[in-house]
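Each chain gets a letter, A, B and so on, in the order the sequences are listed, and its residues count up from 1.
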Protein chains: 2
Amino acid sequence: MNHNSVGLAVHEVLAAVLQVRDGQLRVLLWQRGIEPDLGRWALPGGRLGHGEDVQTSVLRQLAEKVDVREVAHVEQLEVFSAPDRMPHQRTVATAFLGLVPCVADPALPPDTAWHPVVDALRDSPATAFDHGLIVRRARDRLRAKLSYTNLGFALAPSEFTVSALRQLYSAALGYRVSATNLQRVLARRGVLIPTGGTAAPGPSGGRPAALYRFAEHGMRVTDPFAVLRPPEPRPI
Amino acid sequence: MNHNSVGLAVHEVLAAVLQVRDGQLRVLLWQRGIEPDLGRWALPGGRLGHGEDVQTSVLRQLAEKVDVREVAHVEQLEVFSAPDRMPHQRTVATAFLGLVPCVADPALPPDTAWHPVVDALRDSPATAFDHGLIVRRARDRLRAKLSYTNLGFALAPSEFTVSALRQLYSAALGYRVSATNLQRVLARRGVLIPTGGTAAPGPSGGRPAALYRFAEHGMRVTDPFAVLRPPEPRPI
DNA sequence: CCAAAAGTGTTCTGTTTACACCCATGT
DNA sequence: ACATGGGTGTAAACAGAACACTTTTGG
């Protein structure tokens with residue numbers, strides 16, 4: 001690397017694609033078949049192309065792993081740029097969070113699989129480079145935004161019961177959420193709309209559950225300011 | 001640009017350094033003396049160096065404009081990577097937010113000056129490239145974090161009255177904040193500590209104001225979850 | 001009739017805002 | 001005394017959590 005290359009670096013994009021399945025938050029990883037870090041699990045992604053910005057690039061790269069139409073939400077996380085984060089070649093990475101509804105079950109390439117996002121500090125599968133850290137950041141961002149945005153729409157199917165939504169939120173947040181309060185909070189904010197339909201009860205009976213859908217399918221901040229909000233002129 | 005250069009891009013770092021002065025939120029810009037965008041105002045920054053990550057780089061670059069010790073807080077904003085964001089050469093930028101206390105008055109290079117951050121959609125000075133957008137993102141991030149973190153420490157002097165703090169918050173947020181409530185909210189969260197001292201009243205009299213300081217000088221989230229918080233076992 | 005699951009009503013608590021009132025100082 | 005700015009007390013509004021209770025189904 002000579003002096004002229006100051007500022008020149010390989011730029012890659014990486015996506016932490018998260019999904020809730022079977023009460024567990026999981027992330028899409030592929031197993032590296034080449035050195036360095038052969039055999040370790042890595043986030044999907046690749047090099048930035050000529051005519052694309054980072055978001056376009058990450059969606060293009062994801063298309064190799066999953067049907068991009070199944071990705072309900074994508075947002076930038078953070079730049080990872082430690083000089084030694086990858087051996088041999090200086091590489092700057094823009095990391096993304098991607099969310100896939102729980103009903104999506106894309107056909108995966110043979111080297112690709114879902115892995116549970118563990119709460120422990122260590123990574124459960126051996127992850128490549130700094131990808132374990134990126135997954136943790138993605139999880140933290142999802143948890144934060146579930147609380148103050150309507151981001152649940154990206155994890156849920158088009159129609160669902162409050163019980164099903166409660167399981168999604170519980171798995172993503174890592175603690176038990178009350179169905180009663182979840183319904184009320186989201187309803188008050190206008191995030192949740194009843195479709196009018198009901199779901200059939202299970203084999204052991206029980207009252208049929210009402211079906212709901214998310215009012216919007218783009219992310220919206222529903223709880224913008226916790227404090228110090230601007231004085232709103234109230235209607236009489 | 002040939003096929004081998006896929007993924008290779010110039011990587012620059014840019015800093016939107018904000019400060020409140022005279023009741024106005026302002027940003028540090030320098031006037032370009034070369035094409036392209038000659039004469040337009042740009043954010044300080046420059047190319048990423050070999051052995052540094054983006055944060056190290058932005059602090060190094062800022063040292064050319066202000067005394068870095070006066071920068072009380074720095075955080076990553078977002079990557080800007082539109083292929084045509086700069087002419088001639090593909091350049092990916094990592095943008096940062098920097099905050100400088102209102103008392104800091106660094107000596108500035110002749111081509112550098114503070115500019116008010118305007119609320120209007122158009123940029124008040126003619127800004128270079130996409131730097132106007134970056135400034136707006138920096139302002140929005142500051143406004144959001146003032147509400148749910150202790151980030152005010154980065155705008156305030158070491159000791160201050162609640163009135164002075166109210167002016168800082170009002171200028172940064174763009175609307176009038178009540179001194180009464182500001183004091184109570186920050187005090188309850190343990191963000192604000194009374195020093196015991198008092199400030200001398202103005203020439204027209206008035207009760208002397210108590211002096212306060214921020215309890216911590218690193219950013220801390222003080223209002224972590226608006227809703228859906230985990231059940232906390234309460235003490236008896 | 002009973003168990004199971006879903007949904008509703010009610011209460012409690014904590015936070016934020018709004019506003020009235022009291023305090024300390026200079027003229 | 002009184003104006004001026006600073007501080008405190010208090011009540012109202014609201015959101016969320018917790019929990020008891022009712023509703024609707026299957027066996």
Students often mix this up, so state it plainly: with edges at 30° and 60°, are the rings of B:Phe153 and B:His73 parallel, tilted or perpendicular?
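Aromatic pair B:Phe153/B:His73 classed perpendicular.
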Check the distance between [N]'s [atom2] and [X]'s [atom1] and give it to me in whole angstrom.
X: B:Asp223; N: C:dG14; atom1: CG; atom2: C1'; result: 12 Å
X: A:Leu165; N: C:dG7; atom1: CG; atom2: P; result: 12 Å
X: B:Phe160; N: D:dG6; atom1: CZ; atom2: P; result: 14 Å

From [options], nucleotide with atom closest to [X] side chain:
X: B:Arg184; options: D:dC19, D:dT10, D:dG6; answer: D:dT10
X: A:Asn181; options: C:dA18, D:dA17, C:dG7; answer: D:dA17
X: B:Thr180; options: C:dT25, D:dA18, D:dG9; answer: D:dG9

My understanding is that only residues two or more places apart in sequence, or in another chain, count here; which of them pass salt bridge (charged side-chain N to carboxylate O under 4.0 Å, His left out) with A:Asp53?
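A:Asp53 satisfies salt bridge (charged side-chain N to carboxylate O under 4.0 Å, His left out) with no other residue.
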With DNA chain C as reference, determine whether A:Gln183 or A:Gly202 sits nearer its 5' end, using the nearest nucleotide of each.
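That would be A:Gly202.
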Quick one: OG1 on B:Thr127 to CD1 on B:Ile134, what's the gap to the nearest 0.5 Å?
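Here the rounded value is 9.5 Å.
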For A:Arg188 and for A:Pro201, locate the closest nucleotide of DNA chain D by heavy-atom distance; then report the residue assigned to the nucleotide nearer the 5' terminus.
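Comparing both residues, the 5'-ward one is A:Arg188.
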Would you indicate, yes or no, if D:dA17 has its OP1 or OP2 atom less than 4.0 angstrom from a side-chain nitrogen or oxygen of A:Ser178?
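Answer is no, no contact under 4.0 Å.
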Reckon A:Arg189 has a side-chain N or O less than 4.0 Å from the OP1 or OP2 of D:dG16?
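It does, given that an N or O in the side chain of A:Arg189 lies less than 4.0 Å from OP1 or OP2 of D:dG16.
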DNA chain D contacts made by residues 203-214 of chain A, counting heavy atoms under 4.0 Å
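Nucleic-acid contacts, sorted: A:Pro203, A:Gly205, A:Gly206, A:Arg207, A:Pro208.
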Side-chain contact test, heavy atoms from C-beta onward, threshold under 4.5 Å: evaluate it for A:Val191 versus A:Tyr212 and give yes or no.
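Contact flag for A:Val191/A:Tyr212 side chains = no.
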Can you sort out the partners of A:Tyr169 under side-chain hydrogen bond (donor to acceptor under 3.5 Å, both in side chains), two or more places apart, ordered by chain and number?
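Residues passing side-chain hydrogen bond (donor to acceptor under 3.5 Å, both in side chains) with A:Tyr169: none at all.
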Test B:Leu155 against every option in B:Val100, B:Leu142, B:Leu165 by the side-chain contact (heavy atoms from CB on, under 4.5 Å) rule and name the one that passes.
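Testing B:Leu155 for a side-chain contact (heavy atoms from CB on, under 4.5 Å) against B:Val100, B:Leu142, B:Leu165 leaves exactly one candidate, B:Leu142.
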